[in-house]
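All remarks here apply to the structure that follows.
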Amino acid sequence: MDCIVRVNEELGGDFFYLGLEPLEPIADIRPGRFFMVRCSQSADPFLRRPMSVADYKKDGSGFGLVVQTVGWGTSLLSTLVPWDRIDVIGPFGTNFEVPDGARSLWAVAGGSGVAPFLGLIDHAEGDVDHTVFLGARTSELLIYADRLKERGACVITATEDGSSGEHGLVTEPLVKKLDSGEKPDVIFTCGPTPMMRAVARIAEAHGIKCSVSLENRMACGFGACVGCVTKKRGEENYITVCSRGPVFDSFEVEI
Amino acid sequence: MDCIVRVNEELGGDFFYLGLEPLEPIADIRPGRFFMVRCSQSADPFLRRPMSVADYKKDGSGFGLVVQTVGWGTSLLSTLVPWDRIDVIGPFGTNFEVPDGARSLWAVAGGSGVAPFLGLIDHAEGDVDHTVFLGARTSELLIYADRLKERGACVITATEDGSSGEHGLVTEPLVKKLDSGEKPDVIFTCGPTPMMRAVARIAEAHGIKCSVSLENRMACGFGACVGCVTKKRGEENYITVCSRGPVFDSFEVEI
Amino acid sequence: MPVNLANNIAGLNLKNPILGASGTFGYGTLYERFYDISVIGGFVTKALSLKPRAGNPAPRICEAPGGMLNAIGLQNIGIDRFVNQKLPKIKDKDLVIIANFFGETVDEYVEVASRLNEVDGVHGLEMNISCPNRNNEGLVFGASCQITEDVVKACRKVTNKPLFVKLSPNVADIAKFAKVCEDSGADGLSVINTLSGMAIDIRSRKPILANVMGGLSGPAIKPVAVRMVWQCYRAVKIPIFGIGGISCVEDVVEFILAGASAVQIGSMNFVEPEICKTLAEELPDLLESLGVSDYRELIGALDV
Amino acid sequence: MPVNLANNIAGLNLKNPILGASGTFGYGTLYERFYDISVIGGFVTKALSLKPRAGNPAPRICEAPGGMLNAIGLQNIGIDRFVNQKLPKIKDKDLVIIANFFGETVDEYVEVASRLNEVDGVHGLEMNISCPNRNNEGLVFGASCQITEDVVKACRKVTNKPLFVKLSPNVADIAKFAKVCEDSGADGLSVINTLSGMAIDIRSRKPILANVMGGLSGPAIKPVAVRMVWQCYRAVKIPIFGIGGISCVEDVVEFILAGASAVQIGSMNFVEPEICKTLAEELPDLLESLGVSDYRELIGALDV
Ligand SMILES: Cc1cc2nc3c(=O)[nH]c(=O)nc-3n(C[C@H](O)[C@H](O)[C@H](O)COP(=O)(O)OP(=O)(O)OC[C@H]3O[C@@H](n4cnc5c(N)ncnc54)[C@H](O)[C@@H]3O)c2cc1C
Ligand SMILES: Cc1cc2nc3c(=O)[nH]c(=O)nc-3n(C[C@H](O)[C@H](O)[C@H](O)COP(=O)(O)OP(=O)(O)OC[C@H]3O[C@@H](n4cnc5c(N)ncnc54)[C@H](O)[C@@H]3O)c2cc1C
Ligand SMILES: Cc1cc2nc3c(=O)[nH]c(=O)nc-3n(C[C@H](O)[C@H](O)[C@H](O)COP(=O)(O)O)c2cc1C
Ligand SMILES: Cc1cc2nc3c(=O)[nH]c(=O)nc-3n(C[C@H](O)[C@H](O)[C@H](O)COP(=O)(O)O)c2cc1C
Ligand code: FES
Ligand code: FES
């Protein structure tokens with residue numbers, strides 16, 4: 001599906017936000033699902049790149065991506081300007097699902113992993129409290145803290161260099177808050193694998209349901225290449241992250 | 001050498017004009033010489049594309065290319081917009097050299113082959129009469145006729161569909177003019193090979209010195225790949241068109 | 001001018017010469033979310049083995065210049081689940097279904113082939129001989145002419161369905177293998193499988209693929225594939241499926257001119273899930289512009 | 001932290017591991033218009049033969065996805081003109097000059113090798129065994145282990161300069177050839193030459209290259225080249241020049257990790273004439289960022 005680029009906004013560090021308008025509305029966009037984005041019409045780069053949905057319009061007439069420039073594909077995306085066209089397919093995969101009756105949701109994000117939580121909080125239904133733990137190397141990379149606060153989320157930040165919020169890893173304020181006796185109904189996490197692994201361990205130790213969003217290398221995004229596999233815990237067989245995930249219950253998969 | 005794109009102007013048909021400003025002035029630009037243009041920073045397309053110098057500033061601070069979109073590389077060039085950067089190396093090769101004492105010069109061009117004659121006429125020295133024969137399939141593709149007239153050249157056009165000028169190939173008005181008794185000191189020709197071949201035959205038959213500009217496939221443009229070869233007439237050895245040409249005396253090479 | 005795209009290839013009635021290649025088209029059902037797959041000529045299943053196989057650990061894929069590397073490790077659901085669960089969903093569709101299969105020994109090949117021979121709804125077989133030979137440390141079946149001959153002859157005996165052999169490009173003289181297959185009773189050839197390649201993460205100093213080496217596919221391999229199709233075409237009379245880096249309709253014609261009777265599209269399905277449909281739709285117009293009313297005129301029509 | 005780039009490779013003293021590859025660097029003089037070539041480790045000449053050779057008719061080159069095809073046909077000025085006209089212009093420069101050479105028979109190989117052995121200013125020899133064998137219709141020398149052994153042994157006898165053998169990638173098992181070369185007295189290997197490929201103009205129905213087939217080079221072949229360097233590295237103890245699709249400094253490190261003692265840059269010189277200089281300049285910074293103070297630590301340091 002061709003989309004028109006509406007915005008390409010620098011977010012600090014290597015991050016930028018792409019606001020896209022598909023030529024026709026796209027159904028079933030949900031936080032945690034992702035698009036496969038074509039970065040160039042040439043054979044280099046050849047494969048599409050997976051990108052999580054950030055914010056989106058309920059009617060599917062617009063959505064955003066939060067992208068970090070890490071290589072050739074993402075650096076091509078960073079050069080897009082308004083009115084350029086970009087070709088995406090999707091959305092694919094599972095989404096972050098707020099359990100019925102949940103009243104309190106904590107989200108732990110690193111880097112572009114904040115993306116799904118923008119849409120999640122924008123479209124939150126019912127009476128759920130949101131706390132977002134944002135971690136980054138330095139304050140400049142703590143993207144979207146203000147925007148999440150505006151939407152009513154409680155935002156707790158941590159930076160490795162101490163330039164903003166707590167000094168250290170984002171798991172530290174998480175553990176502190178849990179130790180202080182607070183306990184959410186569910187924890188969602190998205191970001192670097194070591195961070196998600198730590199969050200999952202902590203959630204499990206506290207008996208809290210936790211959803212993780214895996215970021216395996218993907219070629220197709222819809223189950224055809226069987227390239228993006230992971231193992232279900234305790235099982236021998238591989239499953240495809242793109243179609244059975246990317247959002248899994250932390251108990252389900254090995255991370 | 002990085003250049004800033006100043007203009008990308010549609011010329012009709014698949015043709016467009018790129019006006020470029022190099023970050024530093026480029027020495028030795030001359031009509032008939034060419035640049036090797038990088039169409040993308042990716043590996044596809046991999047090779048640079050050869051493009052003749054069209055008009056240019058004497059001090060090397062700016063020059064233009066007349067490009068026809070025929071494939072992937074040229075279609076990437078067609079999407080350039082002002083302030084984009086483009087990487088060229090050169091200029092390479094031999095140029096159209098007006099013989100000492102020449103008073104009358106005829107140029108026969110087809111398609112983007114008109115390019116070198118823009119610069120040639122702009123920078124003509126001494127007291128030379130220029131007649132340019134422009135050929136195309138249809139009038140829309142007769143680019144730069146007006147501009148050449150403005151610079152004082154006599155322009156004679158021919159179109160295959162008769163929509164402008166003579167009906168037929170550009171060699172027809174050429175032959176007519178020669179048959180009427182006129183005779184230039186030299187003929188330059190640039191464009192499709194069959195056209196140049198015909199022009200060379202006609203010039204030779206009339207005993208007129210003729211320079212042709214060969215368009216062999218090129219990988220490097222500066223003599224390193226030995227890919228762009230042609231044969232010297234009557235010799236067994238191949239010579240590289242990029243460094244020994246592209247402009248040759250028609251007697252020198254097999255076309 | 002109506003343009004003919006239909007052909008009978010080694011007994012398979014293809015309405016057009018566009019097929020999905022093995023390992024990139026799943027078991028057929030996956031692409032239904034994008035288009036009705038009965039518009040294409042057919043497809044080849046992911047490689048099937050006697051027992052389900054788990055395949056290699058991740059990462060299994062990575063980008064390569066002009067293509068990709070994969071080391072899936074022949075993960076598959078096994079022949080039983082294919083026949084019982086997947087085939088029923090697609091067997092009534094109007095397209096040719098070819099089962100790609102392999103074994104780890106010649107006997108296993110024969111067993112799979114004879115099982116598949118009984119299966120209604122499987123129209124043809126494609127032997128994948130680019131897979132590791134359990135009795136021959138590190139080497140694949142398709143790297144030895146003798147083993148190729150043995151395995152093709154053995155499978156030929158147990159099936160009367162059209163039998164294609166998919167050749168490995170990692171050999172010095174592919175025409176020799178083509179001839180061996182023809183002489184051993186193959187009805188057709190599939191040319192080519194992936195080129196063996198490798199990529200390294202310079203920061204971790206580890207191979208990017210968990211399996212160390214993988215198969216290179218995509219546009220990068222197209223010149224090698226075209227060359228091999230042409231070499232095979234000159235060596236044998238049986239029809240050839242051309243495979244390797246096809247990404248546009250001009251590529252389809254390039255392979256047909258080189259000698260392919262039909263083509264299979266692999267990795268490009270990942271990039272453009274509708275590519276097979278698009279190619280089937282665009283082919284008539286391109287042929288018309290080339291002044292061709294029957295695509296079969298172009299098979300091997302390279303003017304050398 | 002000063003980073004060491006120097007190394008002695010099979011007796012050649014390279015100040016850094018960046019060389020220009022045969023057939024893409026002319027006879028050295030051409031790149032002087034872009035930079036002072038004494039900043040790079042060295043270069044390999046275009047293949048030299050006993051007599052000058054005219055080479056193939058045009059077109060000799062075309063674009064391919066992620067690279068290019070060439071069929072130059074070993075055009076060269078012959079050993080005499082090289083020694084008399086070209087070498088004097090570059091022999092006093094501070095860089096290693098390796099003469100790439102070939103023959104059409106084993107005897108011709110030997111004659112060129114013994115001639116080159118006498119030439120002052122030629123520091124090493126690189127045998128190109130990917131060229132057609134006059135006594136063996138259609139096949140190249142490097143496609144047969146036996147002929148490879150014969151020709152390497154024969155040339156080894158007539159030269160005491162460092163002798164590299166440049167391997168053809170168009171074989172099933174390159175490690176076997178690597179071992180044969182080592183056992184036959186080669187001092188080093190150059191891995192790889194171009195992959196055999198082909199492209200067709202669908203409108204004229206003719207091959208794009210006048211020679212029909214050509215050699216594929218450029219980024220497209222990098223995964224195949226890295227794989228082959230690694231396979232050779234595990235098979236032999238002699239040093240390896242890594243070649244194939246190198247276009248950036250990360251690629252250089254990738255080849256070194258796979259087992260290359262130095263690298264040669266081919267087609268990328270056409271796209272970026274200053275690429276060898278750029279790579280030599282950028283390598284120290286990249287090594288430093290990888291925490292490496294001597295590039296030799298990385299040779300074959302792939303962590304599998
Ligand atoms: C489901 C999912 C959702 C994602 N959402 C986002 C997002 O919202 N924003 C964002 O910036 N990034 C996201 N990513 C990661 C993003 O896809 C990669 O950063 C991107 O593919 C890198 O492409 P490149 O060409 O710039 O880098 P490359 O040059 O290809 O590689 C640079 C690095 O990126 C990693 N990488 C490369 N390809 C992939 C791939 N296909 N999948 C995962 N990692 C890869 C590699 O580890 C490599 O070291 C997501 C990944 C997945 C799987
Ligand atoms: C010295 C010289 C000067 C030139 N000047 C101009 C000019 O001023 N304006 C202009 O529009 N074109 C010019 N050309 C032709 C131009 O280089 C080609 O049209 C261009 O390379 C095509 O690139 P592509 O990627 O768009 O097409 P491709 O997809 O690569 O090929 C399309 C067609 O273009 C031809 N072609 C491809 N590569 C080359 C090549 N390297 N050299 C020649 N022909 C090729 C082929 O015959 C092919 O059929 C010149 C060529 C030469 C050699
Ligand atoms: C992810 C992936 C999995 C593949 N699996 C198989 C397979 O199971 N059996 C087989 O014969 N070929 C397999 N192939 C090879 C393809 O069928 C095809 O021969 C190859 O990819 C070249 O075509 P392409 O360049 O169009 O991708 C696989 C290719 C890819 C990319
Ligand atoms: C135009 C051209 C000419 C070549 N000529 C030779 C040659 O004469 N001898 C040789 O051994 N290799 C020759 N090669 C092969 C290169 O040296 C190199 O092995 C190959 O191109 C792969 O490297 P690359 O991908 O960096 O180009 C040639 C390559 C090209 C592109
Ligand atoms: S990315 Fe292809 S199966 Fe998941
Ligand atoms: S283009 Fe390379 S020698 Fe002429």
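Atoms considered below: every heavy atom in the structure, side chains included; atoms not considered: hydrogens, waters and symmetry mates. Letters go in sequence order (proteins before strands), and every chain restarts at 1.
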Task: Side chain, backbone, both or neither of C:Arg53 within contact of chain A (heavy atoms, under 4.5 Å) - done: neither

Open item on the list: If we define contacts as heavy-atom pairs under 4.5 Å, which of C:Ile72, C:Asn269, C:Ile61 has the most with chain A?
Closed with: C:Ile61

- [ ] Please examine the side chains of A:Phe46 and C:Met268, heavy atoms only from C-beta on, and report whether any two atoms are closer than 4.5 Å.
- [x] yes

TODO: Please flag which part of C:Ser267 lies under 4.5 Å from any non-hydrogen atom of chain A: side chain, backbone, both or neither.
DONE: both

TODO: Mark yes or no for whether C:Glu63, through its side chain, and A:Leu47, through its backbone, hold a donor-acceptor pair below 3.5 Å.
DONE: yes

- [ ] Below 4.5 Å from any heavy atom of chain A, which atoms of C:Pro52 appear? Answer side chain, backbone, both or neither.
- [x] neither

TODO: Return the option, out of C:Ala58, C:Ala71, C:Pro219, with the maximum number of heavy-atom pairs under 4.5 Å with chain A.
DONE: C:Pro219

Task: Student check: side-chain heavy atoms of A:Tyr238 and C:Pro57 closer than 4.5 Å - done: yes

Open item on the list: For A:Ile89, which atoms come within 4.5 Å of any heavy atom of chain C: side chain, backbone, both, or neither?
Closed with: side chain

Open item on the list: Whether the side chain of C:Gln75 engages the backbone of A:Val226 through a donor-acceptor N/O pair (distance < 3.5 Å, no angle test) should be reported.
Closed with: no

Task: Inter-residue atom distance C:Asn70.CG - A:Cys225.SG, 0.5 Å rounding - done: 8.0 Å

Open item on the list: Please classify the contact of C:Phe34 with chain A as side chain, backbone, both or neither, using a heavy-atom distance under 4.5 Å.
Closed with: side chain

- [ ] Give a yes or no answer on whether the side chain of A:Arg217 reaches the backbone of C:Cys62 with a donor-acceptor pair at less than 3.5 Å.
- [x] no

Task: Rounded distance (nearest 0.5 Å) linking atom CE of A:Met218 with atom CZ of C:Phe270 - done: 13.5 Å

Task: Any side-chain heavy-atom pair of A:Asp87 and C:Glu272 under 4.5 Å - done: yes

TODO: Any chance you could lay out the ring-ring contact (aromatic ring centres under 6.0 Å, His included) test for A:Phe222 and C:Tyr31, step after step, and finish with the verdict?
DONE: CA-CA 9 Å; A:Phe222 51 88; C:Tyr31 287 84; 5.4 Å; yes

